[in-house]
Amino acid sequence: MAVAKYPVKSLAKALRLLDSLGKSDSGTSIAMLSKELKMGKSTVHRLLATLREFDLVWFDPDTSNYALGARILRWSDLLVRQNLLIRHGLPILRSLVESCHETANLAVLEGTEILFVARYESSQRLRMSDVVGGRSPSHCTALGKALLSRLSEREFQAIYESAESLKAVTPNSITSKEKLWDHLKKVREDGVAYDFEENVAGGVCMATAVQNHAGHAVAAMSISLPTQRLRGDILITLKEQLLKAANQLSSELGYVAEEHTEPAPASD
């Protein structure tokens with residue numbers, strides 16, 4: 001995530017407050033916000049009052065709790081309409097879930113993390129689920145590895161320059177930069193990355209890159225499922241469905257595949 005050189009402190013506080021409000025299903029009180037954000041109650045109250053004026057925050061008089069306002073919803077709709085990746089991606093994710101009956105996601109690479117930008121959930125009671133706007137470490141997710149595999153070695157080393165080792169999210173996580181780079185070479189050859197309980201115990205995920213008109217990997221698409229449903233040739237079937245969906249989205253973003261060529265990493 002980019003860090004502002006000259007941050008406006010009051011704006012930063014308001015954004016942190018909105019982010020906190022978005023985590024609660026039933027709204028949040030001033031006292032709870034004050035405690036979580038380590039701000040004085042009077043400061044929280046003033047920020048909320050200003051945000052209410054712009055319809056960014058809604059006040060529930062029955063519970064005295066605050067929640068996100070209607071303007072956030074309007075912005076969300078605008079984001080979908082303005083963002084080609086999301087606008088074209090959501091219908092394709094929906095079709096993918098209808099065919100494979102598992103959860104499908106879209107994510108982009110931001111430094112050493114992936115940011116979930118779209119999701120369509122499986123209707124099955126037992127399912128894997130991630131929050132749109134949430135983040136996960138790239139090195140232990142199929143989505144992250146699919147995107148990292150499209151980098152040159154120089155780009156990869158630059159991203160992880162300050163990391164002596166990689167965090168073990170589960171016992172299956174790759175914790176060595178050297179092992180991760182070797183693993184990414186195999187991902188590049190296969191075109192699909194896998195995560196076998198590397199990020200979530202009991203979860204399996206496969207992902208592949210989505211390309212734009214210039215052939216750049218702008219996102220990754222994934223299918224995730226519980227390990228309990230791993231049986232027979234399910235991974236082969238899911239891989240075919242995933243590649244078909246990702247290729248469709250790439251095509252809608254202007255990508256034209258070259259015949260008999262494998263995707264290559266960016267050049268140094």
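Hydrogens, waters and symmetry mates play no part in the numbers below; they use all other heavy atoms, side chains included.
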Compare every heavy atom of [Y] with every heavy atom of [X], then report the nearest pair and how far apart it is.
X: A220; Y: A146; answer: CB-CB, 4.2 Å
X: V192; Y: M206; answer: CG1-CB, 4.1 Å
X: V169; Y: C140; answer: CG2-SG, 3.5 Å
X: I30; Y: H45; answer: CD1-CD2, 3.6 Å
X: Q241; Y: S99; answer: NE2-O, 3.4 Å

Are the side chain of [X] and the backbone of [Y] linked by a donor-acceptor contact shorter than 3.5 Å?
X: R150; Y: H216; value: no
X: E155; Y: S152; value: yes
X: R188; Y: S149; value: yes

- prompt: Hey, are K185 and D182 close enough for a salt bridge, meaning a charged N less than 4.0 Å from a carboxylate O?
  reply: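 Salt bridge: yes.
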- prompt: Charged N to carboxylate O under 4.0 angstrom, D190 versus K239?
  reply: yes
Using a distance-only test with no angle check, is there a side-chain donor-acceptor pair under 3.5 angstrom linking [X] and [Y]?
X: E252; Y: Q248; result: yes
X: S20; Y: E36; result: yes
X: K145; Y: H139; result: no

message: For M39, I'd like to know if atom CE has over 12 heavy atoms of other residues, nucleotides or ligands within 6.0 Å.
response: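 Yes, the 6.0 Å shell around CE holds more than 12 heavy atoms from other groups.
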task: Please check if atom NZ in K38 has more than 12 non-hydrogen atoms from other residues, nucleotides or ligands closer than 6.0 Å.
output: no
At what distance, to the nearest 0.5 angstrom, does [atom1] of [X] lie from [atom2] of [Y]?
X: L33; Y: L47; atom1: CG; atom2: CG; answer: 10.0 Å
X: L96; Y: H101; atom1: CG; atom2: NE2; answer: 10.5 Å
X: S224; Y: D195; atom1: OG; atom2: CG; answer: 9.0 Å
X: E102; Y: S222; atom1: CD; atom2: OG; answer: 11.5 Å
X: N212; Y: L85; atom1: CG; atom2: CG; answer: 10.0 Å
X: L115; Y: L109; atom1: CG; atom2: CG; answer: 10.0 Å

query: Do W58 and L21 belong to the same hydrophobic cluster, where Ile, Leu, Val, Met, Phe, Trp and Tyr are linked whenever their side-chain heavy atoms lie under 4.5 Å apart, directly or via other members?
result: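 Cluster IDs for W58 and L21 differ.
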- prompt: Mind checking whether V187 and L242 sit in one hydrophobic cluster, side chains of I, L, V, M, F, W, Y counted as touching below 4.5 Å?
  reply: no
field: Residues in side-chain contact (heavy atoms from CB on, under 4.5 Å) contact with K244, at least two apart in sequence or another chain
entry: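 Counting only residues at least two positions away or on another chain, K244 forms no side-chain contact (heavy atoms from CB on, under 4.5 Å).
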- prompt: Looking at L243, L106, L143, which hits side-chain contact (heavy atoms from CB on, under 4.5 Å) with M221?
  reply: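 Running side-chain contact (heavy atoms from CB on, under 4.5 Å) over L243, L106, L143 with M221 returns exactly one hit, L106.
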- prompt: F156: what forms a ring-ring contact (aromatic ring centres under 6.0 Å, His included) with it, not counting sequence neighbours?
  reply: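 Listed in chain order: Y160, W181.
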If you look only at distance, which donor and acceptor atoms sit under 3.5 Å apart when one is on a side chain in residues 62-69 and the other is two or more places apart or in another chain?
residue, atom, partner, partner atom, Å
T63, OG1, D60, OD2, 3.3
T63, OG1, N65, N, 3.2
N65, OD1, S29, N, 3.4

